[in-house]
K.L.:
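Take a look at the following structure, please.
Numbers restart at 1 for each chain; the letters A, B, ... are given by sequence-line order, proteins then strands.
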Protein chains: 2
Amino acid sequence: MTSAVEHILEDLERSDTREGLQTAILALRDAFDVDHMVYHWVSAAGEQYGCGTYSDAWVNRYLAQDYLRIDPVVLGCFQRFHPVDWKRLDWSSKSARLFLHDALAHGLGNQGFSVPIRGPNGQFAMFTVNHRCDDATWAAFTDSHRRELILIAHYFNEKALDLEPDRTPAPSQPLSPREVEAMTLLAMGYARAQVADTMAISEHTLRAYIESARFKLGAMNTTHAVARALARGLIVVEGASRADMSTQRTARTAS
Amino acid sequence: MTSAVEHILEDLERSDTREGLQTAILALRDAFDVDHMVYHWVSAAGEQYGCGTYSDAWVNRYLAQDYLRIDPVVLGCFQRFHPVDWKRLDWSSKSARLFLHDALAHGLGNQGFSVPIRGPNGQFAMFTVNHRCDDATWAAFTDSHRRELILIAHYFNEKALDLEPDRTPAPSQPLSPREVEAMTLLAMGYARAQVADTMAISEHTLRAYIESARFKLGAMNTTHAVARALARGLIVVEGASRADMSTQRTARTAS
DNA sequence: TTCCAATCCCCCATTTATGGCGGGGTGATC
DNA sequence: GATCACCCCGCCATAAATGGGGGATTGGAA
């Protein structure tokens, strides 16, 4: 890691305001000599927080169009463990192509590299580097800076979480073993009667567990409770998705 | 990062067997001159895979005692985002103290530093460095190697996932926009009537979407479909969606 | 000791979800 | 111009989930 980047990160560590994040990301963009650098959280309710070098026009456009739900970068990172080059994402859908066209029109570069970051309780954030150049140049860049970018992503997330304590509350009492069992079976598609049979208890008892779990998770109904349990990592269902190995089509974002 | 560590990681990247992971972790332990280094990932079903330098006796003891469920390192890392020094964990419970005593008796050092790592669908792994020394020495060590350890943790995780036999590739047809919308609202806890109202369509039409999505996802019922959509990253729902909607806030970015 | 969480069981009732049947329209693609 | 995916709506019925009560025992923590 170059000393310039080191210094920026050290400044960032000493900072305790959102402006510090913004200052750091601007400095990092210049240090790496790329077009854009962005860190942001995403959520179902919309973008909660972000800092970066995208234009206001693009940020507003993104929010207004609810691009969060079709952005292949978000969707791709959400199913992946590892950092990913934008070329490896799935740009095949029509909405994705429209999104890409709009993004390029708003000054984004054709190349991108995004690092997904996760925390407890289903927290999800992304750190993205965006640039306009040819494939070979970009490949060289990501190859040589991959490690630094992973670290930087973590530093940003650490700082952002420090500045947003109410982002991590999720008091989320832990579920009891039987509750976990019940929620897991429900997430696997078993009906209540089947779950009760599998757990060798009466359906009424099972109901008590489901209601208890629903209460602990602050959920409105069973589906909501299962969704939250999944999102918070309280239950693990269905074989690990090896999204990174999947054969997804690649886009031609290169010049 | 020292060149010795660089070389070990490069060797690791070229490796494609579990033995490669073990070789790398042994080499890293020697390179950092610590007592133990361990990478393992855990799941609801128990420890699935791990490699490291703990003695067989301790590993077997750990598994036999089901220490996974009381190990303060696991429990602490599971609720944290950041790497953590073992001293900062909660060792107050009786079971935790028993665990610690047993661990020390099996040759573990008194100092530890663990990096939690997360992936989609609640996947969780940890990379741990363990050593026997005094507090000041350990603080100096973690201070100077923190960044490297984070990176190493990610490299191990990446490699370990590559070596995992991928079960259920989940070809998963994509959902239509309206189907995504419906599943998302259901995952947020809205009942069918509310979803239909929100989407401004009749409840019967909504039913058609849900059934269509259920078919595409191969799900038995709505809860199952939502669980699968979540697990496959087809919908993006944050853990606490409803509460967040009131405090929706977006940072302004400048370029 | 007292208290509380976790584990089990049963009744009543209503609301909600699902299964099955039918009918439209658009727009893109072949 | 045929086909298909997507979008929209109606009715009927039954199966399932939920809301509201009422209990029990165990073991651990305060």
K.L.:
With a 4.0 Å cut-off on heavy atoms, is A:T205 in touch with a base, just the backbone sugar-phosphate, or nothing at all?
P.N.:
base

K.L.:
What integer distance in Å separates A:N221:CG from C:dT16:C1'?
P.N.:
10 Å

K.L.:
Between C1' on D:dC7 and CE on B:M199, what's the gap in Å once rounded to a whole number?
P.N.:
10 Å

K.L.:
Give a yes/no on whether any side-chain N or O of B:Y209 is located under 4.0 angstrom from OP1 or OP2 of D:dC6.
P.N.:
no

K.L.:
So what does A:A208 touch, heavy atoms closer than 4.0 Å: a base, only the sugar-phosphate, or nothing?
P.N.:
nothing

K.L.:
What does A:S212 touch in the nucleic acid at a heavy-atom separation under 4.0 angstrom: a base, only the sugar-phosphate, or nothing?
P.N.:
nothing

K.L.:
In this structure, how many angstroms lie between the P atom of C:dA6 and the CD1 atom of A:I210, rounded?
P.N.:
16 Å

K.L.:
Do the ring planes of B:H106 and B:W58 sit parallel (below 30°), tilted (30 to 60°) or perpendicular (above 60°)?
P.N.:
tilted

K.L.:
Rounded to the nearest Å, what distance is computed from the CD atom of residue B:E203 to the P atom of nucleotide D:dC8?
P.N.:
15 Å

K.L.:
B:Y190 OH to C:dT16 C1': how many Å, rounded?
P.N.:
18 Å

K.L.:
Residues in side chain to side chain contact (heavy atoms under 4.5 Å, CB included) with A:R132, at least two apart?
P.N.:
A:D35, A:N110

K.L.:
Whether A:S176 contacts C:dT7 is assessed here as follows: a side-chain N or O lying under 4.0 Å from the phosphate OP1 or OP2. Is that the case?
P.N.:
yes

K.L.:
Once side-chain hydrogen bond (donor to acceptor under 3.5 Å, both in side chains) is applied, do any residues pair with A:N221, and if so which ones, sequence neighbours excluded?
P.N.:
none

K.L.:
Hey, what's the ring geometry for A:Y54 with A:H36, parallel, tilted or perpendicular (30° and 60° as the breaks)?
P.N.:
perpendicular

K.L.:
Between N or O atoms, less than 3.5 Å apart, protein on one side and nucleotides 20-24 of chain D on the other: list the pairs.
P.N.:
residue	atom	partner	partner atom	Å
D:dG20	O6	A:R207	NH2	3.1

K.L.:
Could you tell me the separation between the CZ atom of A:R178 and the C1' atom of C:dC9, rounded to a whole number of Å?
P.N.:
14 Å

K.L.:
Among pairs that include at least one residue of residues 99-113 of chain A, which meet salt bridge (Lys or Arg N to Asp or Glu O under 4.0 Å), considering only residues two or more places apart or in two chains?
P.N.:
A:R61-A:D102

K.L.:
To the nearest angstrom, how far is A:F215 atom CZ from C:dA5 atom P?
P.N.:
10 Å

K.L.:
Angle between ring planes, A:F99 versus A:W91, binned at 30° and 60°: parallel, tilted or perpendicular?
P.N.:
parallel

K.L.:
Report yes if at least one side-chain N or O of B:S202 is closer than 4.0 Å to OP1 or OP2 of D:dG10; otherwise report no.
P.N.:
yes

K.L.:
Between the protein and nucleotides 25-30 of chain C, are there any N/O to N/O pairs under 3.5 Å, and if so, what are the atom names and distances?
P.N.:
none

K.L.:
Please round to the nearest 0.5 Å and tell me the distance separating atom CZ of A:R118 and atom CZ of A:F81.
P.N.:
7.5 Å

K.L.:
Considering all heavy atoms of both residues, which atom of A:L206 and which atom of A:A182 are nearest to each other, and what is their separation?
P.N.:
CD1-CB, 3.7 Å

K.L.:
Between D:dA15 atom P and A:Q194 atom CD, what is the distance in whole Å?
P.N.:
15 Å

K.L.:
With the side chain of A:K216 defined as its heavy atoms from C-beta on, choose the nearest nucleotide among C:dA6, D:dC7, D:dG19.
P.N.:
C:dA6

K.L.:
Once side chain to side chain contact (heavy atoms under 4.5 Å, CB included) is applied, do any residues pair with A:A208, and if so which ones, sequence neighbours excluded?
P.N.:
none

K.L.:
To the nearest 0.5 Å, tell me how far A:M188 CE sits from B:M220 CE.
P.N.:
11.0 Å

